[in-house]
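To start, the structure under review is shown below, and the notes come after it.
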2 protein chains.
Amino acid sequence: MPKIVDHNKQKEKLAVATWRVIRRDGLERASLRNIAKEAGLSVGSMRHYFSTQSELLAFSMQLVSDRVCDRLQSFVPSGNLMEDVLHVLCEMLPIDEERSTEMEVWFAFTSKALVDPTLQALSLYVYDDMKGFIAKKVEQLIEQHSAGSRLDVNLETERLFALIDGLAIHAIMHPERLVPEQARAVLIYHLQSIFKL
Amino acid sequence: MPKIVDHNKQKEKLAVATWRVIRRDGLERASLRNIAKEAGLSVGSMRHYFSTQSELLAFSMQLVSDRVCDRLQSFVPSGNLMEDVLHVLCEMLPIDEERSTEMEVWFAFTSKALVDPTLQALSLYVYDDMKGFIAKKVEQLIEQHSAGSRLDVNLETERLFALIDGLAIHAIMHPERLVPEQARAVLIYHLQSIFKL
DNA sequence: AATAAAATAACACAACTGTATTAATAAATC
DNA sequence: GATTTATTAATACAGTTGTGTTATTTTATT
């Protein structure tokens, strides 16, 4: 009877348009009208998929973490633990255009999360998720390299986690000072200094 | 002839009021009217000190880095290099209310800097300044601990710098997961793992 | 006390915001 | 082809925004 469109695809299309607006003009310019124009839709049409702006923004933030998770889950390990760990950790660095977009948008949302409970909750959830993920990798590395038996798993995990986010921020904010290869080099340097002794 | 007020003091008062609004309601709520209300002034009065909103925001961001620099410069070293380095690096972590305020506000401005050339320039300047500062400390530590002769100064500097900013972000965003003492503990752990071998 | 200038306040204006309401369009079934 | 309904578009409205203009208040000098 009606014109049928894939609801979820349309929602993702709007979310990606939201990303573009945020990246180009900033989160405070991500108004319904600007997003609608970017997506080539009318404001009224958008309300069919998101009854409120907060919903759209929350969905757009969620989509970032979903995309990263998807890539992590579809990754097939090579068997070389160090290489594999390096590979998945690089998923969290802005090493190419796709990842840069995601990181910049995530950064903008993270900042807003400080004063927005809904976004705050999502941010916390992702923090726990990523920390658990990194902790697992640290444990595997410690187990493999017998010399690491005296390492503190908790401290090593938070150290590695903070290092990654710090590198990501620096690479995003000042790409002319920290290019992807350098960020990657620091990460390799860090892992080797701990697990290759 | 006129009523004379200390221009700079008044500007700082407005900037600090801006901080409060940003911290409580977010940067997008930092309108002239809201800031004026927070400072107990009229919008017209503000325009006497800042002819535009951008000026006020840029000044408010600058004031954050000024405050941190002031504290760093007024610090008198104890002589114990490791202790002193730890102390100054903790100036960049949200370990108390004053520093938390500054970090949160700085974080908000940093996010906006991605789409605001003026703030971007300030952010870059501070990045270079801090990196130079940290590099100096790393060199001193390497020099003192002879075992560190094989360390790469550049990599160690960016690693430490990223670690600090990463810890700061985590402590700001999720204070219930990373309390100040833990952030400090990670920093100590990092420094000792490199320079106490 | 008079005055000149600095500081403050009040109001106006056009542009933008989120959202609600209403009308028009499109497509899948009968 | 008519009809039903999901989808899209258009308009309206109250609230907020930055900024410009104008008037008022305050105070240090004469």
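Naming convention: chains lettered A, B, ... in sequence-line order (proteins, then strands); numbering from 1 in each chain.
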So, are A:R159 and A:E156 salt-bridged, with charged N and O less than 4.0 Å apart? yes
Phosphate OP1/OP2 of D:dT8 contacted by A:Q10 side-chain N/O (<4.0 Å): yes
Answer yes when A:R67 and A:E98 have at least one side-chain N-carboxylate O distance shorter than 4.0 Å, and no when they do not. no
Sequence neighbours excluded, the answer for side-chain hydrogen bond (donor to acceptor under 3.5 Å, both in side chains) partners of B:D84 is B:S78
Which atom pairs link the protein and nucleotides 14-17 of chain C when you take only N or O atoms and keep those under 3.5 Å?
from   : atom 1 : to    : atom 2 : distance (Å)
C:dT17 : OP1    : A:S31 : OG     : 2.8
C:dT17 : OP1    : A:N34 : ND2    : 3.4

Could you tell me which residues satisfy side-chain hydrogen bond (donor to acceptor under 3.5 Å, both in side chains) with B:S100, sequence neighbours excluded, listed by chain and number? none
Considering only heavy atoms, which members of residues 38-48 of chain B lie under 4.0 Å from some atom of DNA chain D? B:V43, B:R47
Round to the nearest Å and state the distance from A:I35 atom CD1 to C:dT19 atom P. 11 Å
A:H7 vs D:dT7: side-chain N/O to OP1/OP2 distance below 4.0 Å: yes
Just N and O in the side chain of A:T52: are any of them under 4.0 Å from OP1 or OP2 of C:dT19? yes
Apply side-chain hydrogen bond (donor to acceptor under 3.5 Å, both in side chains) to A:R47 and list each qualifying residue two or more places apart in sequence or on a separate chain. none
Nearest whole Å is fine: how far is C:dG18 C1' from A:F50 CZ? 16 Å
With sequence neighbours left out, the residues meeting ring pair (Phe, Tyr, Trp, His ring centres under 6.0 Å) with A:H87 are A:F75
Is there a side-chain polar atom (N or O) of A:Y49 under 4.0 Å from OP1 or OP2 of D:dT7? no
How close do A:L72 and A:M92 get, heavy atom to heavy atom, and via which atoms? CD1-CE, 4.1 Å
Distance-minimising heavy-atom pair for A:I22 and B:V115: O-CG1, 4.2 Å
